[in-house]
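Keep in mind that this is a model prediction, so the values were computed, not measured. Just so we're on the same page: letters track the sequence lines, and every chain starts at 1.
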Protein chains: 2
Amino acid sequence: MDHSGHPTPRTTLPQTKVVSLEKLKTACKNCGLAKLCLPLGLENNDIERLDSIVQRNRPLHRGNHIFQTGNSFGSIFVVKSGTIKSYTQCPNGTEQVVGFHLPGEVVGLDGIETGKHICSAKALETTAVCEVPFSRLEELTATIPNLQHQMFRLMSKEISKETGLMVLLSKSTAEERLAAFLLSLSIRFHSYGFSATEFNLSMSRREIGSYLGLALETVSRLFTHFQEEKILEVDRKHIKILDMDQLFKLLSEQNGCLDQLQRPR
Amino acid sequence: MDHSGHPTPRTTLPQTKVVSLEKLKTACKNCGLAKLCLPLGLENNDIERLDSIVQRNRPLHRGNHIFQTGNSFGSIFVVKSGTIKSYTQCPNGTEQVVGFHLPGEVVGLDGIETGKHICSAKALETTAVCEVPFSRLEELTATIPNLQHQMFRLMSKEISKETGLMVLLSKSTAEERLAAFLLSLSIRFHSYGFSATEFNLSMSRREIGSYLGLALETVSRLFTHFQEEKILEVDRKHIKILDMDQLFKLLSEQNGCLDQLQRPR
DNA sequence: ATGTAAACCTGATCCAGATCAACTCTTGAC
DNA sequence: GTCAAGAGTTGATCTGGATCAGGTTTACAT
């Protein structure tokens with residue numbers, strides 16, 4: 001079994017997907033995530049210009065921060081492998097998870113407006129991120145129309161994603177929320193080239209609960225329940241989806257608002 | 001009393017704020033909302049270039065749509081006066097409100113990613129909007145760095161706002177939610193030049209409840225409760241905030257995550 | 001004016017999920 | 001190895017707000 005917290009790779013992966021430290025230095029044009037990331041739709045020489053401003057730092061260990069609430073904003077970050085959690089800290093000490101970021105997803109867009117980050121971002125496991133200094137990125141987007149468009153698209157996607165989550169949080173039952181969460185993970189893993197049906201959660205029950213507005217006990221009970229219903233096979237953090245149809249059905253029952261969860265054929 | 005649904009104007013308004021149909025044709029450079037809107041930080045001649053692509057259509061009546069779910073995306077819209085509600089329709093017929101848009105605020109950013117709108121937007125009262133064709137805007141942002149930056153800022157603000165709402169929806173009590181909602185309205189009205197303490201709601205109790213994840217009965221009871229506590233004076237849709245301190249205190253009690261609600265001095 | 005639907009208010013009841021509590025299983029530090 | 005802290009499970013109880021049900025007021029069409 002895979003103990004790294006990474007999802008189980010599909011068997012059809014191209015050889016560039018082999019995990020190695022060398023991968024951390026991969027140029028954008030050789031990166032397996034390029035079609036999900038900023039380079040989407042760019043010409044080769046434009047990708048090289050983008051590549052030249054991207055900083056590839058050493059991987060983060062579990063618990064390391066990319067930035068914290070109040071830090072001044074300078075860069076956006078793209079997850080290359082691993083998982084980033086973004087969260088805000090309440091004065092009473094409890095934290096509120098506001099997002100989980102998987103490979104190919106962007107972190108830090110919240111800081112553009114005010115120049116300060118309004119949340120913190122930390123690694124849930126060993127995680128590699130590409131750092132893109134924002135002012136240099138803005139110079140490039142001004143001269144590469146496709147890159148500008150891709151930035152607008154990425155930000156629009158972020159807005160749509162959060163809108164969907166709002167609907168989930170204000171209308172759905174606990175069962176629907178967890179189903180939507182698992183499907184969202186499944187769909188995202190799939191689009192990044194991993195198995196849609198079997199993966200490891202890198203976050204705790206408490207973190208899932210915080211994100212979904214549920215108590216950790218409720219999350220735990222639901223995992224048990226889904227297992228009894230033969231919808232899932234749960235072993236600690238390892239999840240196997242046995243009945244994808246049933247999971248989708250749970251969503252469409254009461255709550256059809258979340259059509260943005262497009263089922264991969 | 002003002003029956004139009006507009007907030008009560010402050011007495012110190014400059015004369016350009018006088019409501020008239022002529023205002024609908026106001027060029028960006030003469031528009032009172034310019035410092036909240038796309039022209040922020042632009043040189044005069046750049047404002048004129050922006051102005052030349054802005055379409056100022058006739059005002060919308062209550063109930064008119066700007067766009068509906070599934071419509072193809074072509075423009076973003078800035079509210080000039082009135083209120084826009086954005087919402088999604090669930091298959092069972094109920095609607096879920098995902099946003100209220102006041103003067104100076106942008107509607108339609110959700111459509112950029114997929115080229116289709118994922119929600120609908122309709123006027124809650126007589127409402128004027130500026131339509132900005134997105135492909136033409138992208139041509140301008142590519143040549144006006146400050147405009148590009150302003151677009152990134154606007155989208156970042158939208159992301160931050162939704163993050164704050166997520167926290168509100170997943171952690172706070174009904175009382176905290178309504179307090180946060182009223183303060184948000186108050187702060188926004190204030191920044192657009194209206195009274196922070198007295199305004200008319202253009203949305204129904206049901207719509208407020210839908211937005212905040214509450215039943216309309218709960219919203220109604222809370223208005224009564226706030227009135228009993230001498231925090232508000234409520235007359236149907238007319239709201240007068242009597243005790244702003246108390247309202248802020250309700251937020252900070254349990255939930256301090258929402259610091260983005262910056263109190264206007 | 002009159003009718004009708006929508007918006008709103010208020011009381012009574014109910015339940016999904018929070019909270020509290022006790023326990024086991026993992027994990028990592030030393 | 002041992003110990004402690006964290007993560008997870010499961011059961012019992014409690015409660016905030018949903019739901020149901022009745023009413024009044026407002027808005028608007030005819």
Atom pair distance, as rounded to whole Å: CZ in B:Arg177 and P in D:dG16: 14 Å

Which residue, A:Lys237, A:Lys122, A:Lys85, forms the salt bridge (Lys or Arg N to Asp or Glu O under 4.0 Å) with A:Glu207? A:Lys85

Within the 4.0 Å heavy-atom criterion, would you say B:Gly209 contacts the bases, only the backbone, or no part of the nucleic acid? nothing

Look at the side-chain N and O atoms of A:Arg236 and state whether any lies under 4.0 Å from the OP1 or OP2 oxygen of C:dC25. no

Side-chain N or O of A:Thr218 less than 4.0 angstrom from OP1 or OP2 on C:dA18? yes

If you take atom types as modelled and just measure distance, does the side chain of A:Arg221 reach the base of C:dT19 with a donor-acceptor pair under 3.5 Å? yes

Within this structure, what is the CG-to-P distance between B:Leu201 and D:dT26, rounded to whole angstrom? 17 Å

Are B:Glu131 and B:Arg56 within salt-bridge range, i.e. N to O under 4.0 Å? no

Take the protein atom CG of A:Leu214 and the nucleotide atom C1' of C:dA18, then report the distance between them rounded to whole Å. 10 Å

A:Glu217 (side chain) and C:dC20 (base): donor-acceptor pair under 3.5 Å: yes

Spacing between B:Lys237 atom NZ and D:dA27 atom P, to the nearest angstrom: 10 Å

Using a 6.0 Å cut-off, check whether atom NE2 of B:His225 has over 12 heavy atoms from anything other than its own residue. yes

Take B:Val219 and A:Leu216, find for each the nucleotide of DNA chain C with the closest heavy atom, and name the residue whose nucleotide sits nearer the 5' end. B:Val219

Position toward the 5' end of DNA chain D (nearest nucleotide), B:Ala215 or B:Arg62: B:Ala215

Between C:dC15 atom P and A:Glu175 atom CD, what is the distance in whole Å? 17 Å

Could you verify whether a donor N or O on one side chain and an acceptor N or O on the other, from A:Ser210 and A:Glu95, lie under 3.5 Å apart? no

Looking at B:Ser220, does any N or O in its side chain come under 4.0 Å of the phosphate oxygens OP1/OP2 on C:dA7? no

Nearest whole angstrom, please: distance from the P of C:dA16 to the CG of A:Leu169. 19 Å

Give the C-alpha distance, both sets of side-chain angles, the deciding distance and a yes or no for ring pair (Phe, Tyr, Trp, His ring centres under 6.0 Å) between B:Phe199 and B:Phe194. CA-CA 8 Å; B:Phe199 45 83; B:Phe194 295 108; over 10 Å; no

Roughly how many Å is it from CD in A:Glu207 to C1' in D:dG6, rounded to a whole number? 12 Å

May I ask you to say what B:Ala174 touches in the nucleic acid, namely base, sugar-phosphate or nothing, with a heavy-atom cut-off under 4.0 Å? sugar-phosphate

Between the base of D:dG6 and the side chain of A:Arg206, is there a donor-acceptor distance below 3.5 Å? no

Distance in angstrom units between B:Glu125 CD and D:dA27 P, rounded: 15 Å

